[in-house]
Amino acid sequence: MLIINFHPFQNLETKRLLLRQLDNKDVNEVLELRGNPETMKFIPRPLAKNTDDALEHIKMINDKIDENVGINWAITVKGSDKMIGLLGHYRIQPENHRAEIGYMILPQYNGKGYVTEAVKAVMEYGFNQMNLHSIEAVIDPENIASERVLQKIGFVKEAHILENELYEGKFWDTVIYSMLKRNYKF
């Protein structure tokens, strides 16, 4: 079984991005991201309605880091400390050397390749620092942009599960993509 330890927190850097720990100064961007029906339309979770909801989300993320059960980074463009998105490892299964990756970005930054660049950095962290054997992504089948990111990186579609999640009276399908460490091109 893996021993997970996110301390000290490690920033990640790519050609254009700095991925850093989320903190309370990101509250407005978290509210903009998690409170936007457009960015949340494929995520069956409640919308953030105010700064208290956003602060609670930040606290939840950092509590998971403190407890070594999940890790998220704020995506920033180098030269600016403004958070433009979030991504990280969720639902870590130490016994299976597997974790789920999740990501979201503010709409004005779509189409610039930032998500793909950030996901690659977080995958490298997962495989090299966390010693994961596999990483999965669970997406809504209608989220074509997310699907394209995963396919571009080389994820393989494992399953399309019909109506397996109930949220606010609606059954949602989920699609599972995955990548094995041996198949990832660093």
Side-chain angles (χ1 to χ4, degrees), residues 1-14 17-27 29-31 33-35 39-40 42-48 51-76 83-105 115 117-140 143 146 149-150 153 155 158-159 161 164-168 172 174-182 184 186:
M1 181 154 65
L2 289 179
I3 304 298
I4 304 293
N5 184 2
F6 299 127
H7 307 284
F9 185 91
Q10 184 177 336
N11 289 339
L12 305 178
E13 195 170 330
T14 70
L17 305 173
L18 175 67
L19 310 180
R20 61 161 174 79
Q21 190 163 7
L22 195 65
D23 65 32
N24 287 347
K25 73 177 185 256
D26 300 310
V27 66
E29 289 78 18
V30 170
L31 180 57
L33 192 62
R34 301 285 303 190
T39 58
M40 293 293 290
F42 299 119
I43 301 172
R45 300 290 180 269
L47 290 176
T51 55
D52 286 343
D53 288 350
L55 287 168
E56 184 58 35
H57 190 71
I58 292 167
K59 181 181 182 320
M60 181 266 305
I61 285 172
N62 287 323
D63 286 350
K64 287 182 185 273
I65 293 167
D66 291 344
E67 297 162 11
N68 293 309
V69 295
I71 186 167
N72 277 267
W73 289 265
I75 304 169
T76 66
M83 185 199 92
I84 65 167
L86 292 169
L87 81 159
H89 291 288
Y90 307 84
R91 299 182 189 154
I92 299 169
Q93 303 171 32
E95 68 281 7
N96 296 317
H97 296 238
R98 187 170 173 105
E100 179 182 335
I101 195 168
Y103 44 85
M104 57 191 319
I105 194 163
V115 171
E117 193 173 321
V119 168
K120 286 178 179 179
V122 169
M123 288 182 63
E124 289 179 21
Y125 178 89
F127 288 137
N128 293 328
Q129 303 296 317
M130 295 170 65
N131 199 29
L132 296 173
H133 173 72
S134 62
I135 296 173
E136 69 180 20
V138 180
I139 65 169
D140 185 297
N143 191 344
S146 186
V149 166
L150 297 170
I153 294 169
F155 275 77
E158 285 188 353
I161 306 168
N164 65 311
E165 187 169 344
L166 177 64
Y167 180 71
E168 292 187 342
W172 295 58
T174 56
V175 173
I176 301 171
Y177 276 84
S178 73
M179 172 73 70
L180 297 176
K181 181 177 184 176
R182 70 174 173 256
Y184 185 66
F186 292 96

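Note that the structure is a prediction, hence the values are computed from the model and not measured.
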A.B. asks: Is any side-chain heavy atom of Y184 closer than 4.5 Å to a side-chain heavy atom of S134?
C.D. replies: no

A.B. asks: Does I92 reach the side chain of M130, with side-chain heavy atoms less than 4.5 Å apart?
C.D. replies: yes

A.B. asks: Check this for me: I3, atom CD1, are more than 12 non-hydrogen atoms of other residues, nucleotides or ligands nearer than 6.0 Å?
C.D. replies: no

A.B. asks: Decide yes or no on side-chain contact (heavy atoms from CB on, under 4.5 Å) for I139 and F42, but give the supporting numbers first.
C.D. replies: CA-CA 8 Å; I139 65 169; F42 299 119; over 6 Å; no

A.B. asks: Under 6.0 Å from the NZ atom of K64, do we count more than 12 heavy atoms belonging to anything else shown?
C.D. replies: no

A.B. asks: Return the minimal non-hydrogen interatomic distance between R98 and E158, and the atom names on each side.
C.D. replies: NH2-OE1, 3.2 Å

A.B. asks: Has N62 got a side-chain atom pairing as donor or acceptor with L22's backbone, closer than 3.5 angstrom?
C.D. replies: yes

A.B. asks: Should K120 and T14 count as side-chain neighbours, where that means a heavy-atom distance under 4.5 Å?
C.D. replies: no

A.B. asks: Among V69, N68, D66, find the residue that satisfies the side-chain contact (heavy atoms from CB on, under 4.5 Å) test when tested with F6.
C.D. replies: N68

A.B. asks: Does some side-chain heavy atom of L33 sit less than 4.5 Å from a side-chain heavy atom of M83?
C.D. replies: yes

A.B. asks: Measuring from T76:OG1 to L19:CG, what's the distance to the nearest 0.5 Å?
C.D. replies: 7.0 Å

A.B. asks: Hey, could you give me the CD/NE2 distance between E95 and H97, rounded to the nearest 0.5 Å?
C.D. replies: 9.0 Å

A.B. asks: Any heavy-atom pair between the side chains of H57 and N72 that's under 4.5 Å?
C.D. replies: no

A.B. asks: Measure the spacing between CD of E100 and CG of L132 and express it to the nearest 0.5 Å.
C.D. replies: 12.5 Å

A.B. asks: Within the structure provided, determine whether M40 and R34 are in side-chain contact (heavy-atom separation under 4.5 Å).
C.D. replies: yes

A.B. asks: Check whether T174 reaches the backbone of V138 with its side chain - one donor and one acceptor, N or O, closer than 3.5 Å.
C.D. replies: no

A.B. asks: Output the distance between atom CG (L86) and atom CH2 (W73), rounded to the nearest 0.5 Å.
C.D. replies: 12.0 Å

A.B. asks: Should we count NZ of K25 as having more than 12 external heavy atoms under 6.0 Å?
C.D. replies: yes

A.B. asks: Taking side chain as C-beta onward, heavy atoms only, is E136 less than 4.5 Å from R91?
C.D. replies: no

A.B. asks: Can a donor-acceptor pair be found, under 3.5 Å and without considering hydrogens, that links the side chain of W172 to the backbone of I43?
C.D. replies: no

A.B. asks: Return the minimal non-hydrogen interatomic distance between R20 and F9, and the atom names on each side.
C.D. replies: C-CE2, 3.7 Å

A.B. asks: Taking I65's backbone N and O only, do any of them form a donor-acceptor pair with H7's side chain (distance below 3.5 Å, no angle check)?
C.D. replies: yes

A.B. asks: Got a second to check how far S178's OG is from I101's CD1, nearest 0.5 Å?
C.D. replies: 12.5 Å

A.B. asks: Return the minimal non-hydrogen interatomic distance between A48 and A54, and the atom names on each side.
C.D. replies: CB-N, 4.4 Å

A.B. asks: Considering non-hydrogen atoms only, spot the tightest contact between A118 and I75 and give its length.
C.D. replies: CB-CD1, 4.1 Å

A.B. asks: List the steps and the verdict of side-chain contact (heavy atoms from CB on, under 4.5 Å) for I84 and I105.
C.D. replies: CA-CA 6 Å; I84 65 167; I105 194 163; 4.0 Å; yes

A.B. asks: Restricting to non-hydrogen atoms, name the atom on I71 and the atom on Y125 that form the minimum distance, rounded to 0.1 Å.
C.D. replies: CD1-OH, 3.9 Å

A.B. asks: Work out which heavy atom in D53 is nearest to a heavy atom in L47; give both atom names and the distance.
C.D. replies: OD2-O, 4.1 Å

A.B. asks: Got a second to check how far I61's CD1 is from D26's CG, nearest 0.5 Å?
C.D. replies: 9.5 Å

A.B. asks: Using a 4.5 Å cut-off on heavy atoms from C-beta on, say whether the side chain of V149 contacts that of Y103.
C.D. replies: yes

